[in-house]
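Structure first, then comments.
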Amino acid sequence: MSIISIALPIPKRQLFDYLAADEIPKIGCRVRVSFGPRKLIGVVWEINQESDWDKNKLKKIEQIIDAQPIFDATQRKLCSWLAQYYKHPIGDVVQSAMPVALRKGESSEAKPTNYLTLTDSGKTFDLSNLSRAPKQYSLLEKLNKVELTKSQANQDFGISAVKALLDKELIQDVSKPHQINTSWQQQIVVQGKPQANVEQALAISSVEAKLAEFACFLLDGITGSGKTEVYLQAIEPVLKQGKQVLILVPEIGLTPQTVHRFKYRFGIDVGILHSGLTNTERLQVWQKSKNGELGIVIGTRSAIFTPMLNPGLLIVDEEHDASYKQQDGLRYHARDLAVVRAHAENTPLILGTATPALETLNNALTGKYHHLQLQQRAGKASVATKHVFDIRQQPLQFGIAQGMLDRIQQHLEQGSQVMLFINRRGYAPALMCHQCGHVEHCHRCDKPFTLHNQLYKLQCHHCGSAKPIPQQCNQCQSNELNAMGVGTEQLEIGLNKYFPNYSNIRIDSDSARGKSKLDTMLNSINNNEHQILIGTQILSKGHHFPNVTLVLILDIDGALFSADYRAAENLAQLITQLAGRAGRAEKPGEMWLQTHDPGHPLLQDLINNGYGHFAQYALLERKTANLPPYTYQALFKAQALNPKDAHTFLQNVAELFSQYSDVWCLGPIPALMEKRQGQYRMQLLLQAKQRSVLQHALGQQVNQIETLFLANKVRWSLDIDPQDFS
DNA sequence: AGCACGCCGACT
DNA sequence: GTCGGCGTGCTC
């Protein structure tokens with residue numbers, strides 16, 4: 001008897017067994033089953049002869065939804081890998097890999113298309129009778145020659161004209177089953193293709209040499225070096241072979257201009273997937289791509305799950321971008337999944353960036369990835385000059401030193417725009433002396449203490465040791481000890497008072513909620529309606545500000561002394577990206593970084609030698625400190641109303657891992673934000689020198705963790721390869 | 001997850 | 001007396 005094992009949307013690391021009703025469904029098809037008191041939609045994952053469950057208690061499948069699998073073998077392989085690697089329930093994984101419409105039971109087949117054709121009276125109709133209705137006239141004339149889809153006609157001639165002709169019974173609606181249309185393969189043209197420079201040509205031919213096999217390329221190109229052109233010319237032969245290309249872009253980078261560039265070059269339709277689409281629109285792109293009807297699909301993180309009939313190339317643009325890592329539920333990294341997918345589908349993969357993630361760079365340096373470098377600037381791009389401004393013992397007004405205020409004034413008087421940047425990401429508050437710049441360090445770990453206001457103590461995030469918050473600086477006895485960081489609001493009010501004649505605008509994820517709002521703001525900036533721009537992360541991505549000639553980063557110390565070891569890397573990426581987005585060739589910009597530690601070696605290296613040099617130095621530091629990419633990490637997070645519960649739970653988790661001598665346990669320690677929404681948050685970090693060692697231990701213990709007595713009382717999660725420690 | 005069952009406090 | 005609070009436990 002066939003046992004059907006089904007992946008159901010239930011947060012358990014298991015499949016559920018059912019019996020076939022009469023017909024045995026195919027693996028990869030959706031089915032409807034009864035599960036306890038309710039009905040669920042699941043995906044057939046395995047068909048076996050045996051079951052661990054009592055065979056007499058197995059229920060029958062109620063309905064088979066799909067005639068043909070919606071998950072092919074490769075996609076099932078990817079889902080299984082995700083469930084295995086991220087230790088996540090398989091049903092949940094399968095769910096995230098499906099468009100929402102399919103989760104709800106919508107048909108996976110493309111809907112029949114409505115065509116318009118002439119009726120008998122329409123065929124004999126005298127067109128001159130419509131001379132006073134030009135839209136209807138031209139529509140009827142067109143239908144005389146060709147068939148049109150209803151939606152196309154509505155778009156080109158207007159709904160009212162279509163409706164009028166239908167009412168007059170000159171034309172009629174005909175529904176035809178959807179026909180797979182791969183005409184893009186014949187439509188490809190190549191237009192507006194510039195001559196590649198030597199570096200670009202080298203990169204393009206390297207990719208071209210590996211088009212028929214798995215290969216991973218790091219396209220490491222400085223801002224303005226023409227990475228997109230390399231993508232375009234690498235895509236060309238793939239499309240010409242009739243194969244499809246999937247491009248991932250960061251959340252904010254999916255602008256109409258980007259899409260247009262791909263559409264225009266090849267003259268074909270491009271499938272787009274972003275958060276603004278309706279469920280139906282997403283489903284349509286999914287269907288078209290699965291049927292091979294799209295040559296190019298561009299999308300954000302979750303687009304990595306888009307099926308392709310005939311995959312030829314994967315591209316991850318701005319591969320270092322943090323938005324590729326999902327921060328809740330299935331905490332996967334789309335870039336890492338792209339590597340697995342390219343391998344499974346035997347296609348090449350291009351990872352492009354000006355500021356590679358240290359993990360990626362390491363893979364390139366060790367020869368695991370092909371390292372393609374673009375170091376020449378193309379066109380009229382410019383890069384701002386970088387400078388450090390020492391603010392020790394300087395009076396600060398709303399976080400800005402007088403010298404910097406004067407400089408802002410100068411630039412504004414020249415009619416330029418000024419950008420003030422507050423770095424909030426990776427921010428772990430440390431206590432710093434404003435007189436001498438001293439930061440209290442843990443003696444055992446030589447790492448800065450992290451300030452925990454809730455517990456009123458300083459805590460080391462490496463060993464967990466704590467001490468009360470000091471009143472005086474240990475080095476100069478000053479009592480001017482400040483938590484690092486300024487708020488945007490305070491800054492906004494201060495600037496309004498200091499520069500009453502100039503308009504300022506704040507751009508952060510709160511003020512720019514919704515895509516159109518951000519576009520409006522960016523337009524008003526480019527129209528010079530505002531002279532002072534105040535922003536966070538969001539400004540560093542994708543947008544160019546040609547009239548900005550001064551960029552000031554206010555609080556880089558938060559990142560330099562953060563307990564989050566990735567903060568320095570992120571800061572360097574940010575600085576490099578920002579420097580490439582301000583000014584232009586005729587009007588280059590300057591960038592200033594306010595700091596209490598102007599001599600910081602990483603900072604000096606970045607400013608004097610650029611990101612590539614900095615990154616190699618940072619890698620060296622990671623190696624000596626036993627940090628990723630030289631070690632592998634997994635982070636348990638727990639939150640509960642009672643801090644003791646969260647702590648005890650993680651303590652119990654730590655005990656489970658104490659038997660593995662090659663797995664380090666750090667913690668439990670309070671999370672950087674100890675208290676959020678009334679809940680206390682703790683974390684436990686696991687680390688190992690080999691990925692397999694950590695994977696093995698986790699694989700053995702996750703199920704044990706679920707049986708811990710506090711497991712249901714505490715909200716807990718497991719993050720593999722964590723990026724964010726907040 | 002979601003839904004039922006169950007055991008205790010405050011209401012017409 | 002019952003209505004409903006959410007703790008516990010189970011779903012093939």
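Order of the sequence lines fixes the chain letters, A, B, ..., with proteins taken first and strands second; residue numbering starts at 1 for each chain. The shown structure was predicted, so the numbers you read here are calculated from the model rather than taken from an experiment. Just so you know, these numbers use all the heavy atoms, side chains as well, and skip hydrogens, waters and symmetry mates.
- Using a 30° and 60° split on the angle between ring planes, A:H343 and A:F214 fall in the perpendicular class, above 60°.
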Could you pull out every donor-acceptor pair under 3.5 Å between side chains of residues 660-670 of chain A and any protein atom, sequence neighbours left out?
residue, atom, partner, partner atom, Å
A:Y660, OH, A:Q700, OE1, 2.5
A:Y660, OH, A:Q701, NE2, 2.9

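- Counting only distance, with no hydrogens or angles, the side chain of A:S289 and the backbone of A:P307 share a donor-acceptor pair below 3.5 Å.
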Report all interatomic pairs (protein N or O, nucleotide N or O of nucleotides 1-4 of chain B) with separations under 3.5 Å.
residue, atom, partner, partner atom, Å
B:dA1, N3, A:R38, NH2, 3.0
B:dG2, O4', A:R38, NH1, 3.2

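- Residues A:Y632 and A:L686 fail the side-chain proximity criterion, which asks for heavy atoms closer than 4.5 Å.
- Aromatic ring pairs are classed by plane angle as parallel below 30°, tilted from 30° to 60° and perpendicular above 60°; the pair A:Y86 and A:W81 is perpendicular.
- Remark: A:K689 NZ is loosely packed, at most 12 non-hydrogen atoms of other residues, nucleotides or ligands lying under 6.0 Å away.
- Residues A:E359 and A:H333 bring no donor and acceptor atom of their side chains to less than 3.5 Å of each other.
- Close approach of DNA chain C to chain A, defined as any atom under 4.0 Å from a non-hydrogen atom of the protein, starts and stops at C:dT11 to C:dC12.
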